[in-house]
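These values consider heavy atoms only, across backbone and side chains, with no hydrogens, waters or symmetry-generated copies.
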Amino acid sequence: MTVIATVSRQVSWRPHLHFVGTLRAHWGTALSFQTDGLVSRIDFHSGQRVNAGTALAQLQLNDEPGLLAKYSAQADLDLINLSRDTAQFEAHAVSRAIVDHDRLTLAADRAQRDAEQALISMKSLRAPFSGRLGIRRIDPGQYLKAGSEVVTLQAIDPIYIDFYVPQRFSELVHVGATVDVSLDSAPGHVFQGQVTATTPAIDSASRTLMVRATLPNADERLLPGGFAGIDLAYDAARPAVVIPQAALIYHPYGNTVFVVTYDQPGRGVVRERLVVTGEARGDLIAIASGLRAGEAIVSAGQMKLRDKAVVMTSDVGRPGEDAAPSVPEE
């Protein structure tokens with residue numbers, strides 16, 4: 001009978017763990033006013049890049065400027081009275097009580113002035129950090145309640161990725177470890193970053209450790225909220241004998257392969273051999289023991305074989321041997 005044969009080979013595999021995580025902005029927030037008011041001015045457009053402190057929007061000012069001018073004038077007058085009465089007190093012309101009254105009146109009017117200035121500042125929305133704005137959510141003339149979202153602001157270079165590591169692997173994760181990140185939106189491209197922080201405790205509900213890695217993102221291909229796959233290498237590369245996973249035959253007592261011994265080109269005798277498997281990656285699986293590199297094995301058609309059967313071998317229709325296969329787009 002004719003079967004498909006494959007030669008086992010030795011590769012260098014670096015032990016790694018695979019997780020899934022979520023991308024998170026370095027800085028990111030939804031901006032809003034702290035007070036109610038009517039939108040009088042909008043100084044940005046959707047998607048704009050802004051620097052920290054840039055004015056974005058303004059609520060209508062009513063009597064606040066007038067009150068600020070009033071309290072400022074009162075504070076100036078209080079300062080004059082305090083200076084005059086202090087001089088009179090030194091000449092023993094007025095009592096200390098008058099000077100103390102002037103000092104406290106000045107402090108009260110300055111506090112009123114500062115409170116009015118703070119209210120005016122609350123009606124001006126400014127960028128708290130540099131980044132890129134999202135979609136505008138307000139229009140001129142619109143009445144806003146305090147806390148209503150005006151626009152989002154994101155700083156995404158660098159960008160974070162948060163993921164959870166099961167407790168049994170927590171000792172393998174440390175700050176400075178390298179991670180390879182892949183996204184469905186960028187097939188075939190791997191983004192590299194480093195672990196920058198871990199929580200100091202295991203979550204008691206899920207028994208996992210939260211880990212954060214930081215990735216450079218100058219071209220802003222990585223966007224917050226995205227789902228990503230993470231490969232974290234935790235040791236140096238090691239040699240491994242690998243075969244296609246399709247070559248394995250699973251039994252209750254263990255896994256076996258059919259090894260081909262050639263007596264002439266394209267013809268040989270098969271022997272079933274018990275093997276111990278290791279890590280699987282894509283189409284391939286490592287063999288910890290029971291098989292050496294360079295031995296020919298049956299990778300397709302083995303279900304109809306028996307021990308010591310004579311076979312003709314072919315490589316037509318050989319199964320995949322890719323450690324990181326991708327799904328073709330139809």
Practice prompt. Give the cluster check for L305 versus L248: same hydrophobic cluster or not, with ILVMFWY residues linked at side-chain heavy-atom distances below 4.5 Å.
Written response: no

Worksheet entry | Atom CZ of R137: over 12 foreign heavy atoms under 6.0 Å | no

Fill in: S32-S148 side chain donor-acceptor pair, cut-off 3.5 Å
no

Worksheet item: Does N217 reach the main-chain N or O of I156 with its side chain, forming a donor-acceptor pair under 3.5 Å?
Response: yes

Discussion item. I'd like to know if R9 pairs up with E295 as an ion pair, taking the criterion as any Lys NZ or Arg NE/NH1/NH2 lying under 4.0 Å from an Asp or Glu carboxylate oxygen.
Written reply: no

Fill in: Contacts of D162 that satisfy side chain to side chain donor-acceptor pair (under 3.5 Å) - sequence neighbours left out
R212

Worksheet item: L133 and side chain to side chain contact (heavy atoms under 4.5 Å, CB included): which partner among V150, L56, T54?
Response: L56

Practice prompt. Establish, from distance only, whether the side-chain atoms of N62 and E64 form a donor-acceptor pair under 3.5 Å.
Written response: no

Worksheet item: On the ring face of W13, is R238 found with NZ or CZ under 6.0 Å from the centre and within 45° of the axis?
Response: no

Worksheet item: Under 3.5 Å, side chain of S130 to main-chain N/O of A52, donor-acceptor pair present?
Response: yes

Just list the side-chain donor-acceptor pairs under 3.5 Å for residues 82-95, sequence neighbours left out, or say none.
{"residue": "S83", "atom": "OG", "partner": "L79", "partner atom": "O", "Å": "3.0"}
{"residue": "R84", "atom": "NH1", "partner": "N81", "partner atom": "OD1", "Å": "3.1"}
{"residue": "T86", "atom": "OG1", "partner": "L82", "partner atom": "O", "Å": "2.6"}

Worksheet item: Does D307 reach the main-chain N or O of E272 with its side chain, forming a donor-acceptor pair under 3.5 Å?
Response: yes

Discussion item. Please determine whether a side-chain nitrogen of the Lys or Arg among E116 and K70 lies less than 4.0 Å from a carboxylate oxygen of the Asp or Glu.
Written reply: no

Discussion item. With clusters defined by side-chain heavy atoms of hydrophobic residues (ILVMFWY) lying less than 4.5 Å apart, directly or transitively, does V20 cluster with L232?
Written reply: no

Item to complete: Please check if the side chain of D203 supplies one atom and the backbone of S206 the other of a donor-acceptor pair under 3.5 Å.
Response: yes

Practice prompt. Salt-bridge test for R110 and D114: reply yes if a basic N is under 4.0 Å from a carboxylate O, no otherwise.
Written response: no

Distance-only check: which donor-acceptor pairs under 3.5 Å involve side-chain atoms of residues 175-184, not counting sequence neighbours?
{"residue": "D180", "atom": "OD1", "partner": "Q192", "partner atom": "NE2", "Å": "3.2"}

Practice prompt. Classify the ring geometry between F19 and F163 as parallel (under 30°), tilted (30 to 60°) or perpendicular (over 60°).
Written response: parallel

